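Remember, it's a predicted structure, so these values are computed and weren't measured experimentally.
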Amino acid sequence: MIDFFLYDDTEDTYSRYVGFAGDHGRYDLAIIHTGRFFGKALVLNTQSSRFGIIGTDDLNEEGYVAHILGLTPEQGGEVEEFLKDVIVTDMGDME
């Protein structure tokens with residue numbers, strides 16, 4: 001039995017599931033926007049079971065998306081370009 005929780009919260013999220021093909025591969029992503037990660041989104045690569053907490057600042061870090069999602073540099077660039085259009089800076093932007 002667990003006697004001590006660090007946290008146990010429930011909150012509404014905005015989730016998007018998208019599959020698309022680029023020049024270097026096919027991508028299946030789940031993008032979950034929540035207030036939990038300081039305005040960043042939880043991005044899951046459902047093909048590799050890798051995920052990362054990604055914000056607009058992370059999209060400017062060369063190679064970060066590829067590394068965190070387990071992609072080649074070319075694939076990471078394609079996913080990065082897509083995420084630049086869907087990662088929001090404020091949950092109010094989703095409405």
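With rounding to the nearest 0.5 Å, the separation of CD1 in Ile54 from OG1 in Thr56 is 11.5 Å. With values rounded to the nearest 0.5 angstrom, Glu80 atom CD is found 11.0 Å from Ile87 atom CD1. Interatomic distance, Leu83 CG to Glu78 CD, rounded to the nearest 0.5 Å: 12.0 Å.
For residues 65-76, the set of pairs meeting the salt bridge (charged side-chain N to carboxylate O under 4.0 Å, His left out) definition, not counting sequence neighbours, is empty. Screening residues 56-67 for salt bridge (charged side-chain N to carboxylate O under 4.0 Å, His left out) gives Lys40-Asp57, Lys40-Asp58 as the qualifying pairs, with residues at least two apart or on separate chains.
When atom types are taken as modelled, the side chain of Glu11 and the backbone of Gly35 share a donor-acceptor pair closer than 3.5 angstrom. A donor-acceptor pair under 3.5 Å is formed between the side chain of Gln75 and the backbone N or O of Thr72. Of the possible polar contacts, none joining the Ser15 side chain to the Ile31 backbone as a donor-acceptor pair under 3.5 Å is found. Panel note: side chain Asn45, backbone Leu69; a donor-acceptor pair is recorded below 3.5 Å.
For Asp9, the side chain to side chain donor-acceptor pair (under 3.5 Å) partners two or more places apart in sequence, or in a different chain, are Arg36. Listed by chain and number, the residues in a side chain to side chain donor-acceptor pair (under 3.5 Å) with Thr46 amount to none (sequence neighbours excluded). For Phe20, the ring-ring contact (aromatic ring centres under 6.0 Å, His included) partners are Tyr27, Phe82, not counting sequence neighbours.
In this structure the side chain of Asp12 never reaches within 4.5 angstrom of the side chain of Thr34, judged on heavy atoms. Considering only heavy atoms from C-beta on, Thr13 stays 4.5 Å or farther from His33 through its side chain.
Minimum interatomic distance between Gly76 and Ala66 (heavy atoms only, all atoms of both residues): CA-CB, 3.8 Å.
Leu71 is not connected to Tyr17 by any chain of hydrophobic side-chain contacts under 4.5 Å among Ile, Leu, Val, Met, Phe, Trp and Tyr, and they are in different clusters.
Through chains of ILVMFWY side-chain contacts below 4.5 Å, Phe51 is grouped with Ile32, Phe37, Leu42, Leu44, Ile53.
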